[in-house]
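Shown next, in structure tokens, is the structure this report addresses.
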Amino acid sequence: MFYYYFICKRKLWYFRNEIQMESNSEAVEIGKLIDEKSYKRDRKHIMINETINIDFMRNRKVIHEIKKSDSMEEASIWQVKYYIYYLKKHGVEDIKAILDYPKLKKRVDVELNKDDEEEIEKILLEIEKIVRDQKMPSIIDSKICKKCSYYELCYI
């Protein structure tokens, strides 16, 4: 949900209200293939408390999130900052994160600071407000909409 908050609040609302269209998405399928073919030696998809799903961890101190491209990098950064925040709230300290872009052969290191924690707490309140609202958020009308699995639901 944290990732969707930065991508599109309407998508967040759909997802949280169990309206899911991603099973028909070619982009999601490509992402799954990249995930399957990358970092095969690591134990993947570590679900914690049915809340966060970490792609994989190394050395018990570094979270890795695999991404298809860096086009939504800010959302990805905040997603892993939220993972670090969540783990910290559950007593796990000194965690860092890396965004892995196997196709781009690129990595981005991510850390959480005090200002980020305050921002995450504000965002969590906003997410709660969005998902509880009976009315879905407005269409964002962005160029990313055409690639979204919810495109037909929003525009047709």
Side-chain angles (χ1 to χ4, degrees), residues 1-104 106-133 136-137 140 144 147-150:
M1 287 194 311
F2 217 81
Y3 183 79
Y4 289 167
Y5 174 82
F6 286 92
I7 302 297
C8 172
K9 291 166 181 64
R10 189 176 178 117
K11 186 173 185 173
L12 166 67
W13 188 92
Y14 283 141
F15 180 79
R16 189 61 178 147
N17 286 284
E18 299 183 11
I19 302 169
Q20 298 186 25
M21 304 294 286
E22 296 192 326
S23 62
N24 301 325
S25 169
E26 184 176 314
V28 172
E29 285 300 316
I30 292 168
K32 285 181 181 177
L33 281 173
I34 291 169
D35 178 69
E36 286 174 16
K37 302 291 181 192
S38 305
Y39 311 102
K40 290 181 177 178
R41 286 183 266 164
D42 293 289
R43 185 176 146 241
K44 293 187 194 171
H45 309 291
I46 304 162
M47 179 64 82
I48 299 174
N49 296 338
E50 298 295 323
T51 303
I52 62 172
N53 188 359
I54 296 169
D55 284 349
F56 68 95
M57 287 185 81
R58 286 192 178 150
N59 305 324
R60 296 184 161 262
K61 295 289 183 183
V62 182
I63 295 169
H64 289 261
E65 182 69 19
I66 303 168
K67 294 296 180 186
K68 181 177 70 175
S69 78
D70 60 0
S71 62
M72 305 292 175
E73 191 163 80
E74 181 185 357
S76 300
I77 288 170
W78 279 104
Q79 178 186 13
V80 293
K81 283 184 178 188
Y82 173 67
Y83 291 174
I84 297 169
Y85 169 88
Y86 183 86
L87 291 171
K88 186 176 177 182
K89 289 291 180 188
H90 288 79
V92 183
E93 296 284 339
D94 301 321
I95 298 284
K96 295 180 180 174
I98 295 176
L99 296 175
D100 292 289
Y101 301 98
K103 278 180 58 183
L104 305 175
K106 175 183 170 185
R107 299 178 123 188
V108 175
D109 293 327
V110 180
E111 294 186 25
L112 180 74
N113 64 41
K114 199 70 179 164
D115 290 341
D116 296 332
E117 290 181 42
E118 291 173 12
E119 186 65 23
I120 286 170
E121 288 170 6
K122 289 178 194 170
I123 292 168
L124 288 171
L125 292 173
E126 289 180 42
I127 288 173
E128 191 65 31
K129 184 178 173 194
I130 290 167
V131 299
R132 289 189 184 274
D133 197 339
M136 71 178 85
I140 60 171
I144 65 169
K147 294 181 179 179
C148 178
S149 56
Y150 293 88

Below 4.5 Å, heavy atoms only, C-beta onward: do [X] and [Y] meet side chain to side chain?
| X | Y | value |
| --- | --- | --- |
| L124 | Y82 | yes |
| F15 | Q20 | yes |
| I95 | K88 | no |
| I54 | L87 | yes |
| D70 | E73 | yes |
| I46 | M57 | yes |
| I34 | K103 | yes |
| I98 | V108 | no |

E111 CD: over 12 foreign heavy atoms closer than 6.0 Å: no
Can you give me the closest heavy-atom contact between [X] and [Y], atom names plus distance?
| X | Y | answer |
| --- | --- | --- |
| M1 | V131 | SD-CG1, 4.4 Å |
| S69 | Y101 | O-CE2, 3.0 Å |
| N53 | Y83 | O-OH, 3.4 Å |

If I take atom [atom1] from residue [X] and atom [atom2] from residue [Y], how far apart are they, to the nearest 0.5 angstrom?
| X | Y | atom1 | atom2 | answer |
| --- | --- | --- | --- | --- |
| I7 | E74 | CD1 | CD | 9.0 Å |
| H45 | R43 | NE2 | CZ | 11.0 Å |
| E128 | I123 | CD | CD1 | 14.0 Å |
| N17 | R132 | CG | CZ | 11.0 Å |
| L125 | I120 | CG | CD1 | 12.5 Å |
| E29 | S149 | CD | OG | 11.0 Å |

E121 vs K89, salt bridge (Lys or Arg N to Asp or Glu O under 4.0 Å): CA-CA, chis, key distance, verdict: CA-CA 11 Å; E121 288 170 6; K89 289 291 180 188; 3.6 Å; yes
Measure from NZ or CZ of K9 to the centre of the six-membered ring of Y5, then state whether that distance is under 6.0 Å and the direction lies within 45° of the axis.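 The answer is yes, since K9 meets both limits relative to Y5.
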Using 4.0 Å as the upper bound for N to carboxylate O, is an ion pair formed by [Y] and [X]?
| X | Y | answer |
| --- | --- | --- |
| D100 | K67 | no |
| E118 | K122 | no |
| E119 | K81 | no |

Report yes or no: does [X] contribute a side-chain atom to a donor-acceptor pair with the main-chain N or O of [Y] at less than 3.5 Å?
| X | Y | value |
| --- | --- | --- |
| W13 | C8 | no |
| K61 | E93 | yes |
| D35 | G31 | no |
| N113 | D116 | yes |
| T51 | N49 | yes |

Evaluate salt bridge (Lys or Arg N to Asp or Glu O under 4.0 Å) for K44 paired with E36, printing each intermediate quantity in order. CA-CA 9 Å; K44 293 187 194 171; E36 286 174 16; over 6 Å; no
Which is it for F2 and W78 under the side-chain contact (heavy atoms from CB on, under 4.5 Å) test, yes or no, and what are the steps along the way? CA-CA 7 Å; F2 217 81; W78 279 104; 4.1 Å; yes
side-chain contact (heavy atoms from CB on, under 4.5 Å) between I63 and I84, intermediate numbers included: CA-CA 8 Å; I63 295 169; I84 297 169; 4.1 Å; yes
Side chains of D55 and Y39 only: does a donor on one sit below 3.5 Å from an acceptor on the other? no
Examine the side chains of H64 and D42 and answer whether a donor and an acceptor come within less than 3.5 Å of each other. no
Just to verify, which of R16, E18, K11, R10 counts as forming a side chain to side chain donor-acceptor pair (under 3.5 Å) with Y14? R10
Taking it one step at a time, do L99 and I66 satisfy side-chain contact (heavy atoms from CB on, under 4.5 Å)? CA-CA 6 Å; L99 296 175; I66 303 168; over 6 Å; no
Could you walk me through whether M72 and F6 pass the side-chain contact (heavy atoms from CB on, under 4.5 Å) test, one step at a time? CA-CA 9 Å; M72 305 292 175; F6 286 92; over 6 Å; no
